[in-house]
Amino acid sequence: MTEFKRKPVTDIGIDKTLESIDEDRIKKAIDRVLKGEASARLKTFVTTCARCGMCSASCHHYLSHNNDPTYAPAAKVKQTIWDMLKKDGKVSKDDIKKYARIVFSECNLCRRCVQFCPFGIDIAYLIGLVRRICCLIGAVPQYIQDQVLSHMQTTNMLWFRQDEWLDTVQWLEDELRAEIKNARIPLGKKNAEILYLAHGLEAKYMTGLLTNMAKIMIVAGVNWTMPDCDGWDYTNKSFYAQDTETMGMVVRRHYEVAFKLNVKRIVMGECGHAFRTGVYEGARLLGWKEEPIPYIHGVQ
Ligand code: SF4
Ligand code: SF4
């Protein structure tokens, strides 16, 4: 593998944390994840990878960096997890800075490479473990961490208060009535067919998308509603930080609202990671093999 060379990058979320922690805390976080939280997949994947490189050309980071081998999926694991295992968790702050750079900016956990590996090695799972270690240390890019903190406080990603949500929907309903007479955007209605959850951005910056969805529901004659409380935003940025506690809390809230309103299904708009957390990762984290009521994508 050629040398790992990158331009220096500063991120207050990572750099400030690393100023204030010691290497003992880093080791504890690594041990907790690699010896405790990780499943048998860790050992299987680490010992099975033949370094054949068949997955390399499937990764957009590798391709968009002129086939630089340090961006290949297996190389990113070698420079992070394998390095931690080799050093038995006794890694430096500079190592953590390098790992954080790789796992937060050179792999977006898309899992494309797993489709090309003859052994089915899930590189994204391994990279996710490194993100989890960074999360436990507190070395997470500031932009992501800010959104995770917002999820913790409000369940949505943009620090939107519950009253702001209600005001926004009422305002959109008023606007919609200029186009569709007596249009309603129902909130907190019980026994509806569909509970529609919105993207955080739809409530704050891209409200036209929410209005468009309302038009579709009205014209299609669907019995629908949206939450009249926190839990209306289907995004889950905790997934990016691998803050599994917050991720589970957000997904639980979606299902709790659905149970409370006794709807038949949850429908969400466009967002790949949110679909993954709502239907797969988050639901399993909460102990369900499958989502307890159907949670489907708007396109479906
Ligand atoms: S999961 Fe990561 S390494 Fe694999 S293809 Fe996607 S971005 Fe590349
Ligand atoms: S992850 Fe699979 S395809 Fe990629 S280098 Fe390892 S064995 Fe080869």
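One-based numbering, in listed order, for ligands and for the atoms of each. Atoms considered below: every heavy atom in the structure, side chains included; atoms not considered: hydrogens, waters and symmetry mates.
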Output, in order, the C-alpha distance, side-chain angles, deciding distance and verdict of side chain to side chain donor-acceptor pair (under 3.5 Å) for Asn223 and Lys264.
-> CA-CA 10 Å; Asn223 180 8; Lys264 293 215 171 48; over 6 Å; no
Does Tyr125 have Arg41 sitting over its ring (NZ/CZ under 6.0 Å from centre, angle to axis within 45°)?
->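 Yes.
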Top protein contact for [atom], by heavy-atom distance:
| atom | value |
| --- | --- |
| atom 8 (Fe) of ligand 1 | Cys59 SG, 2.4 Å |
| atom 1 (S) of ligand 1 | Arg111 N, 3.2 Å |
| atom 4 (Fe) of ligand 2 | Cys55 SG, 2.3 Å |
| atom 7 (S) of ligand 1 | Asn108 OD1, 3.3 Å |
| atom 6 (Fe) of ligand 2 | Cys49 SG, 2.3 Å |
| atom 2 (Fe) of ligand 2 | Cys117 SG, 2.3 Å |

Do [Y] and [X] have ring centroids that are under 6.0 Å from one another?
| X | Y | value |
| --- | --- | --- |
| Trp232 | Phe160 | yes |
| His254 | Tyr234 | no |
| Tyr71 | His61 | no |

Using a distance-only test with no angle check, is there a side-chain donor-acceptor pair under 3.5 angstrom linking [X] and [Y]?
| X | Y | answer |
| --- | --- | --- |
| Tyr143 | Asp11 | no |
| Asp94 | Ser92 | no |
| Asn108 | His60 | yes |

Enumerate the atoms of ligand 2 whose separation from the nearest heavy atom of [X] is less than 4.0 angstrom.
| X | result |
| --- | --- |
| Ala74 | 5 (S) |
| Phe119 | 7 (S) |
| Pro118 | 3 (S) |

Taking 2.8 Å as the cut-off, does an N/O/S atom of Cys52 lie below it from atom 4 (Fe) of ligand 2?
->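 False for Cys52.
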Under 4.0 Å from a heavy atom of [X]: give me the atoms of ligand 1 that qualify, with their elements.
| X | answer |
| --- | --- |
| Pro73 | 3 (S) |
| Lys76 | 3 (S), 8 (Fe) |
| Cys113 | 1 (S), 3 (S), 4 (Fe), 5 (S) |

What is the ring orientation for Phe239 with His273, classed by angle as parallel under 30°, tilted 30 to 60°, or perpendicular over 60°?
-> parallel
Is His61 touching ligand 1 with its side chain, its backbone, both, or neither, if touching means heavy atoms under 4.0 Å apart?
-> side chain
Under 3.5 Å, side chain of His65 to main-chain N/O of Asn67, donor-acceptor pair present?
-> no
Side-chain (Lys93) to main-chain (Leu18) donor-acceptor, under 3.5 angstrom =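 It does hold such a pair.
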What do you reckon, does Gly120 put a non-hydrogen atom under 4.0 Å from ligand 2?
->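 Not so, Gly120 does not reach ligand 2.
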Non-hydrogen atom of Gly53 closer than 4.0 Å to ligand 2 = yes
Could you establish whether Ile127 and ligand 1 come within less than 4.0 Å of each other, counting only heavy atoms on the residue side?
-> no
Does ligand 1 have any atom sitting under 4.0 Å from a heavy atom of His60?
->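 For ligand 1, residue contact (heavy atoms, under 4.0 Å) with His60 is present.
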May I ask you to check if any N/O/S atom from Cys107 comes under 2.8 Å of atom 2 (Fe) of ligand 1?
->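 Short answer: yes, at least one N, O or S atom is under the cut-off.
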Taking the side chain as every heavy atom from C-beta outward, state whether Trp224 and Ile185 have any pair of such atoms under 4.5 Å apart.
-> yes
